[in-house]
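By convention in this document, chain letters (A, B, ...) are assigned in the order of the sequence lines, proteins followed by strands, and residues within each chain are numbered from 1. Just so you know, these numbers use all the heavy atoms, side chains as well, and skip hydrogens, waters and symmetry mates.
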2 protein chains.
Amino acid sequence: MARPRSFDEDRVLHELRDRFWDAGYSATSLQDLMRISGLGKGSLYAAYGDKHSLFLRTLRTYVTEGNEGLRATLESEPRAVDALRKVLLSPVNPGAERGCFLANSTCELATQHADVRAEARQAYETMTELITACVAKAQQEGDLPADQDAKEFARSLLAAQQGVLYMGRTGMDLDMLRSVANDLADRLLPR
Amino acid sequence: MARPRSFDEDRVLHELRDRFWDAGYSATSLQDLMRISGLGKGSLYAAYGDKHSLFLRTLRTYVTEGNEGLRATLESEPRAVDALRKVLLSPVNPGAERGCFLANSTCELATQHADVRAEARQAYETMTELITACVAKAQQEGDLPADQDAKEFARSLLAAQQGVLYMGRTGMDLDMLRSVANDLADRLLPR
DNA sequence: GTTGTTGTTGACCGATTGGTCCAGAAATGT
DNA sequence: ACATTTCTGGACCAATCGGTCAACAACAAC
């Protein structure tokens with residue numbers, strides 16, 4: 001009969017994701033992963049496959065959870081336009097300097113790893129769809145012009161948000177980052 | 001008497017920068033650098049110092065040249081507002097998928113390498129100053145409201161531009177990227 | 001207690017890593 | 001031609017890399 005695993009796979013996955021996030025994929029060694037998880041190589045390989053498979057899994061987990069968060073944000077306000085504003089302001093948080101794990105990984109690896117590029121592409125298409133639906137709702141509520149292309153505007157909002165995220169990554173202080181996010185929100189969304 | 005170097009240090013620096021840009025810092029080995037430059041280790045170490053020093057030098061060269069390009073763009077139009085639009089559109093180019101070497105490196109390394117973070121911070125402060133001067137000029141020319149904070153607006157423009165740059169990095173196709181850049185330009189700048 | 005199955009550890013592997021150092025080569029002045 | 005100085009290549013180094021695999025442990029059914 002099977003012996004159950006003696007560790008929480010999801011909890012370990014999150015701990016390992018944090019290491020990939022902070023150090024990057026290439027600068028994270030199996031030694032690091034073993035130390036952080038408390039597991040031996042055999043256990044890591046059995047549970048997650050090789051290093052790259054493990055990394056992709058942490059990335060997918062991050063994207064899945066991120067999209068859940070995005071959905072929650074987009075549904076968090078009575079008026080859709082307020083939710084869109086919240087999306088733009090979302091990079092302003094105490095963890096701003098870490099940036100976005102997906103963005104960090106895409107910047108580091110997109111040229112040499114088609115699978116990472118594919119993950120990013122799919123993730124941003126999904127986010128674009130989610131934001132597009134919210135834009136359409138704001139249009140229906142009369143807060144955004146009904147004649148503009150919802151998807152095109154969604155892409156612009158996403159690009160602006162990713163710019164704010166990156167500014168956070170560069171170490172811009174939080175007050176300044178908030179000002180930038182608010183300024184962009186004021187210019188892109190009605191008040 | 002001193003024997004002169006038998007290779008062009010600047011040309012080699014550019015070739016090595018391209019490798020760091022495409023593969024990232026950590027995934028680039030001395031073996032790679034030797035193969036690309038055609039030099040032995042002794043020559044690389046003598047000319048550029050260790051791997052990290054070489055990397056920082058490629059980054060600084062990139063920033064210096066980038067700022068020259070930014071200055072040129074900001075002075076390339078009779079009206080300053082048109083130059084600002086050009087800055088927003090600058091990520092739309094055949095090399096869009098490579099993204100920005102500074103951004104890639106910052107995303108990969110900022111958490112673990114304070115010197116890279118410091119380079120990024122300084123670089124973006126310089127870019128912000130350059131764009132602020134251009135915004136002020138556009139205000140003088142009556143194309144932008146005179147009562148808005150030039151530097152704050154410059155930061156927003158830079159954030160938006162960095163967002164477009166990153167969208168390029170994710171592999172968004174060029175026509176779509178151009179649409180996003182144009183849309184943001186239309187919304188942030190008068191036409 | 002025994003048996004069967006799965007989990008775990010870490011030795012082992014070949015390869016690669018970043019960096020040092022020295023012998024020989026090349027450039028240049030005398 | 002010789003002497004001096006710097007450049008160059010690559011041997012050498014200890015350490016680390018990602019991954020495999022076998023011995024032992026643990027779990028569970030009988």
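Only at 4.0 angstrom or more do the heavy atoms of residues 16-35 of chain A sit from any atom of DNA chain C, so none qualifies.
At whole-Å resolution of the value, CG in B:L54 and C1' in C:dG18 are 13 Å apart. In this structure, the CZ atom of B:R5 is 5 Å from the P atom of D:dC7, given to the nearest Å. When the P atom of D:dC17 is taken as reference, atom CG of A:D50 falls 16 Å away, rounded to whole Å. In this entry the distance linking CG of B:L44 with C1' of C:dT20 reads 14 Å, nearest Å.
The pair A:E77-A:R85 does not meet the salt-bridge criterion, since no charged nitrogen lies less than 4.0 angstrom from a carboxylate oxygen.
The side-chain contact (heavy atoms from CB on, under 4.5 Å) search around A:Q112 returns B:D22, B:A23, not counting sequence neighbours.
For the ring-ring contact (aromatic ring centres under 6.0 Å, His included) condition, the pairs that include at least one residue of residues 59-98 of chain A, sequence neighbours left out, are A:W21-A:Y62, A:Y62-A:F101. For residues 168-191 of chain B, there are no ring-ring contact (aromatic ring centres under 6.0 Å, His included) pairs, not counting sequence neighbours.
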Polar pairs (N or O, both sides) under 3.5 Å between protein and nucleotides 23-25 of chain D?
residue: D:dA25; atom: N3; partner: A:R3; partner atom: NH1; Å: 3.4

Atom pairs, protein N/O to nucleotides 12-15 of chain C N/O, distance under 3.5 Å:
none

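For B:Y45, whose side chain is taken as the heavy atoms from C-beta onward, the closest listed nucleotide among C:dT20, D:dA28, D:dG9 is C:dT20. The listed nucleotides are D:dT8, C:dT9, C:dT28; the one nearest the side chain of B:P4 is C:dT28.
In this model, no donor atom of one side chain and acceptor atom of the other lie less than 3.5 Å apart for B:S179 and B:N182. When only modelled atom types and interatomic distance are considered, B:T111 and A:R169 share a side-chain donor-acceptor pair under 3.5 Å. In the model, A:D183 has a side-chain atom that pairs as donor or acceptor with a side-chain atom of B:S156 under 3.5 Å.
At the phosphate of C:dA26, neither OP1 nor OP2 sits under 4.0 Å from any side-chain N or O atom of B:S6.
For the pair A:K51 and A:Y25, the cation-pi criterion (under 6.0 Å, within 45° of the ring axis) is fulfilled.
Taking a pair to require two hydrogen-bonding distances under 3.5 Å in either a Watson-Crick or a G-U wobble arrangement, D:dA3 pairs with C:dT28.
Summarising the local packing, CD of B:Q148 is surrounded by more than 12 heavy atoms from other residues, nucleotides or ligands at distances under 6.0 Å. Residue B:E9 qualifies as enclosed at atom CD: its count of foreign heavy atoms under 6.0 Å is above 12.
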Run the side-chain contact (heavy atoms from CB on, under 4.5 Å) test on B:L157 and B:V135 for me, step by step, so that the C-alpha distance in whole Å, both residues' side-chain angles and the decisive distance to 0.1 Å come before the verdict.
CA-CA 10 Å; B:L157 287 173; B:V135 167; 4.1 Å; yes
